Number of protein chains: 2
Amino acid sequence: MPQLRIALAQVNTTVGDLAGNAATIVEWTRRAADAGAHVAVFPEMSVTGYPVEDLALRKTFARASRDQVELLARRLAEAGCGDVLTYVGYLDQDEVGPRNAAAALLGGEVVASQYKHHLPNYGVFDERRNFKPGTELDVVRLHGLDIGMVICEDLWQDGGPVAALGEAGVDLIVSPNASPYERSKDDVRLPLVAGRAREARAPIVYTNWVGGQDDLVFDGDSIVVAADGELLARAPQFTEHLLLTDLDLPSGGHTAVGEFAGLRVNRRVLSDTPVPAYEPLSGPAISEPLSDEAEVWSALVLGLRDYVRKNGFRSVMLGLSGGIDSAVVAALAVDALGPDAVYGVSMPSEYSSEHSRSDAAELARRLGCHFRVEPVADMVRIYVDRLSLTGLAEENIQARVRGMLLMALSNLDGHLVLATGNKTELAVGYSTIYGDAVGGFAPIKDVFKTHVWTLARWRNAEADKRGETPPIPENSITKPPSAELRPGQLDTDSLPDYALLDDILDDYVEGDRGFADLLAAGFDAEVIDRVVRMVDKAEYKRRQYPPGTKITFKAFGRDRRLPMTNLWRETH
Amino acid sequence: MPQLRIALAQVNTTVGDLAGNAATIVEWTRRAADAGAHVAVFPEMSVTGYPVEDLALRKTFARASRDQVELLARRLAEAGCGDVLTYVGYLDQDEVGPRNAAAALLGGEVVASQYKHHLPNYGVFDERRNFKPGTELDVVRLHGLDIGMVICEDLWQDGGPVAALGEAGVDLIVSPNASPYERSKDDVRLPLVAGRAREARAPIVYTNWVGGQDDLVFDGDSIVVAADGELLARAPQFTEHLLLTDLDLPSGGHTAVGEFAGLRVNRRVLSDTPVPAYEPLSGPAISEPLSDEAEVWSALVLGLRDYVRKNGFRSVMLGLSGGIDSAVVAALAVDALGPDAVYGVSMPSEYSSEHSRSDAAELARRLGCHFRVEPVADMVRIYVDRLSLTGLAEENIQARVRGMLLMALSNLDGHLVLATGNKTELAVGYSTIYGDAVGGFAPIKDVFKTHVWTLARWRNAEADKRGETPPIPENSITKPPSAELRPGQLDTDSLPDYALLDDILDDYVEGDRGFADLLAAGFDAEVIDRVVRMVDKAEYKRRQYPPGTKITFKAFGRDRRLPMTNLWRETH
């Protein structure tokens, strides 16, 4: 059967960096050509970066994107890879409106282009808002093989492009994707793509984006699936990768054009001569998926690294309290950026325990990051004395003085300040606005407290396995959590036990369950009521919190928009 | 011709307050009944409040909303107004998903209900995300007159419900709306509704919501338009109002049911007997629209008042710098809440001019609000000395010390802190995060600097007209703007002249114009480049800014979502 070598270019591009992204595409297509590939498939909107959000509505940006694609076709030819059929994603604009588009480039020209049909408009996606749906499909014949394309969500929804290509007939489907990471999403993707391949009776080449963009992180996990659904190749997660695969394809000689499943199928013959027989690559390239902990840790590391790097920062700074949250954030930062780019500051107040200082110092020693101590008692005192602060006002001013201190150091030295709050705190509003909420990025914003502990233990165990010093001091993991804003304070003074709290939050926030369901799940009515009230009241605080890497479907942020003024409460 | 008295209940309900909103509806329907009305029309989603955002996805909330509507039908009957056909909006949910619904209540029952068909998904609207579109229309015959309904956006889009009702035939269309205020939007609404009335050959009763909800404010401006497009009645803006109007309607005896314009039209006969002839109300009730300045001022006052009130606050606090922005915010706050609920704080530093103190004191004296002076020099000094702060770090710490001071006082006394930044500052990032950006609400967030001056002069002139003391000291209006964070600093050191800057911003932000268009408009290339860079870089700061009343289509906030990491720049 005719052969074809496909390169899945799992690259990390940046929103708005049209020239830089095009250069990346030229470089990786060059590598694909050197490796003998006939087809290269880049991710969805690889030329513009993804998601572009309301930049989609800016006509000058759409025009620049479209111009860049035409330029790119010529540059690929000039770089000697004009004979590689190269699929890229970009933003287009026509008389109907902005389009989420993909184009096939060959011989210095755009030989096919198509607009995404199914536009997701849930969770983190606003595509119905930003794009108009496409109604045509461009199938090309290369070396006698008919190749169709479908863009991301067009794979996920029933009907539309996959059904149309199945009915009209193709030998191969290529699919540019920008599918954000969520815990265990790879368990969903493979069965989905396999099912669509069977439906269309054609193999699917699924290239996903990798990298961080604002609060999203894309895990790669690009795959090639045979017409019968068998997994043929899989790229590693959370890293750029050129995945090469050889396909033996029956040449169907499909010619049907016109209307299928409500879409118009066009065809164009680029070449009819099969590729001469060649020696295929040895063995399948199937990367193993990561464990759940490794996957989450990698997502957090990549999300943080890309946010820092793509925003032009070189270093980060954070307060080290001796507690588990700041310890995990510091360890993530060192894994993301190296110890020399991480600046820890211990800011003891008069209520800080001895262990909060020694655990912070020990953490910094283990990580090899920068460390300084800046006591805040005198700065706090001046406010407390002048305004006679007590109670919550006194607690908050301590957190705020620390936030101001970090921001002043950031202004002096240019470090990006990291906020160290976790998802549990955010959920219930156990955080001081302008205090511990200060920062440009919040790496564990979407990680529940009990999960923070799990990740800490996992990271330490990984170090053990590699014969390295576990980064996080045991005492930071085992001691009872405290904000230390008043003498002898413990988190459990204000909150239910974290194991119970996270259980309820998981049901209420992630599961969107109501009061009756929570009762039925065995939780105590009074505790449910208390937690639900805290969650509903904290929306404003959550909105003011810095962005952070999203690892669940119901992360707090742009994909979960609740009114700030809202008198609705779940009750019995 | 048969007569019918209609009551447009332009009410202010609150998101989530199902019981409170239902009580409001009973009270106003009672008033309508007492005034002899046969039909009462409440705004879109009047039972739940609008917009409910992702609360739409919470099934328990949808169920409670639906239950509340059935309960409301019974309560109306119990209150003796069961014979008034009452239209209310609510959140529904069926097997397809959440619905933006409206129901007609009569005799203790829901006699008709319908789902919104056209779901807006642009600007501030996320309805494609939150609701599924309806495909049926419920027409009822009351007193021999056939009454159809269309919900808000169903009036704005061509085709769909208005076309279907026009083809099937109705004698009257009622329309519940939640149409947010934008400058001069009333100039658009009336021609639109008039055109639709002519299209359907039936009068339209258009009830709009009034009040503030988060960053939106609804202006009311409810209208009744005859079948030929003539304006018959108009409610005042920015205030709750029961607008009564008598209609002489030809009874068309329409009976067509089935599919029209892609929608299914159902009919139900409630009563065939015409209303006995009665004496109509004397004279048309057509309120004059406000002037542009009065309209904007009223929107800002109502937006602020409702944000404070609906979030359970009773008072506000703000820093008074002696400058124009804090002066205008203070005047708005006094107009919204009364002088006794407004707490001004002058926080001079070592760089503060004498006039900044005296102008602030004079403002407070004129407004009659609370006033205190809290010098910050010593609080600033402790940071500057300890960390050897200079330049930007020293400027920022002054703004931040002030923010912390306001928050500490807010924690002590429970005032909501107001941020006083304007749209120009937000656009170019001329603001200190955690400094002057501190607060729970930012009343003039969507007002350009030159517009702030215009409003100040207008408000003073209004006071003059009424023989009152103009609230804003002349010196605050006329002096050159300065942040006073270093000696002799002026805004023009960092920014182009505000008249020029606002002109460019209006084109770039509101008009979404590109570099070439700005050049063609006569702006200098270097200035354009400088402004565009500032705007693009400030997205993160804008996201961290408190919400504020939106008065333009392109307000910064939830309706304008740009990536934080974005390397795209407009260039030649």
Side-chain angles (χ1 to χ4, degrees), chain A residues 14-18 20 51-55 57-61 64 121-122 126 128-129 213-214 307 310-311 374 378-379 382-383 386-387 389 392-393 396-397 400-401 403-405 407-409 411-412 434 438 440 512 514-515 540 544 546-547 558 560-568 570, chain B residues 14-18 20 51-55 57-61 64 121-122 126 128-129 213-214 307 310-311 374 378-379 382-383 386-387 389 392-393 396-397 400-401 403-405 407-409 411-412 434 438 440 512 514-515 540 544 546-547 558 560-568 570:
Chain A
T14 302
V15 164
D17 188 15
L18 299 178
V52 297
E53 307 209 32
D54 282 9
L55 276 182
L57 310 177
R58 189 160 269 278
K59 285 183 184 159
T60 44
F61 183 58
N121 207 59
Y122 53 85
D126 290 307
R128 281 302 286 244
R129 171 189 171 90
Q213 171 66 37
D214 291 1
Y307 193 83
K310 292 181 177 181
N311 281 293
E374 293 288 352
D378 54 341
M379 293 163 160
I382 196 167
Y383 282 95
R386 170 97 75 84
L387 304 174
L389 302 182
L392 182 67
N396 280 346
I397 201 70
R400 288 178 178 144
V401 159
M404 296 313 96
L405 206 147
M407 288 306 296
L409 294 172
N411 279 160
L412 279 182
Y434 318 124
V438 156
D512 252 337
F515 206 103
Y540 184 78
Q544 296 294 101
R558 52 196 280 281
R560 193 170 183 278
R561 301 178 194 130
L562 293 170
M564 287 172 290
T565 305
N566 164 31
L567 302 184
W568 161 251
E570 288 277 346
Chain B
T14 302
V15 164
D17 187 15
L18 299 177
V52 297
E53 307 208 31
D54 282 10
L55 276 181
L57 310 177
R58 190 161 267 279
K59 284 181 185 161
T60 44
F61 183 58
N121 206 59
Y122 53 84
D126 290 306
R128 280 304 284 244
R129 169 188 172 91
Q213 171 66 36
D214 291 0
Y307 194 83
K310 292 182 178 181
N311 281 293
E374 292 287 353
D378 53 341
M379 293 164 160
I382 196 167
Y383 284 96
R386 169 97 75 84
L387 305 174
L389 302 182
L392 182 68
N396 281 346
I397 201 70
R400 288 178 179 144
V401 159
M404 296 313 96
L405 206 147
M407 288 306 295
L409 293 173
N411 280 160
L412 279 182
Y434 317 125
V438 156
D512 252 336
F515 207 104
Y540 184 78
Q544 297 293 102
R558 53 195 279 280
R560 191 169 184 279
R561 302 179 193 129
L562 292 170
M564 286 172 289
T565 306
N566 164 31
L567 303 184
W568 161 251
E570 287 277 348

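If you're wondering where the values come from, they're calculated on a predicted model, not measured in any experiment. Naming: A, B, ... by sequence-line order, numbering from 1 per chain.
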Looking at A/Thr14, A/Asp378, A/Leu387, A/Asp214, which makes the most heavy-atom pairs under 4.5 Å with chain B?
-> A/Asp214

Grab the two heavy atoms, one from B/Ala393 and one from A/Ala408, that are nearest each other, plus how far apart they are.
-> CB-O, 4.1 Å

Please report the shortest heavy-atom distance between A/Pro51 and B/Pro563, naming the atom on each side.
-> O-CG, 4.0 Å

Drop me the distance from A/Arg128's CZ to B/Asp126's CG, to the nearest 0.5 angstrom.
-> 13.0 Å

Any idea which of A/Ile397, A/Asp17, A/Asn311 has the most non-hydrogen atom pairs under 4.5 angstrom with chain B?
-> A/Asn311

Do you know which two heavy atoms are closest between B/Lys310 and A/Leu567, and how far apart they sit?
-> O-CD2, 3.9 Å

So, do A/Leu389 and B/Leu412 sit near enough that their side-chain heavy atoms are less than 4.5 Å apart?
-> yes

Top of B/Asn121, B/Ile382, B/Leu18, B/Leu409 for chain A proximity - count of heavy-atom pairs under 4.5 angstrom = B/Asn121

From CZ (B/Arg129) to CZ (A/Arg129), nearest 0.5 Å = 11.0 Å

Heavy atoms, side chains only, cut-off 4.5 Å: are B/Tyr307 and A/Met564 in contact?
-> yes

From B/Tyr122 atom OH to A/Asp54 atom CG, the distance as rounded to the nearest 0.5 Å = 14.5 Å

Is chain B contacted by the side chain of A/Thr565, its backbone, both, or neither, given a heavy-atom distance below 4.5 Å?
-> both

Engaged part of B/Val52 at the chain A interface, taking heavy atoms whose separation is under 4.5 Å = backbone

Inter-residue atom distance B/Phe61.CZ - A/Asp512.CG, 0.5 Å rounding = 12.5 Å

To the nearest 0.5 Å, what is the distance between CD (B/Glu570) and CZ (A/Arg58)?
-> 5.0 Å

Which atom of A/Leu55 lies closest to which atom of B/Trp568, heavy atoms considered | CD2-CD1, 3.9 Å

Partner chain B: residue of A/Lys59, A/Gln213, A/Arg400, A/Glu374 with the largest heavy-atom pair count (under 4.5 Å) = A/Arg400

Answer with side chain, backbone, both or neither: which region of B/Gln544 has an atom nearer than 4.5 Å to a non-hydrogen atom of chain A?
-> both

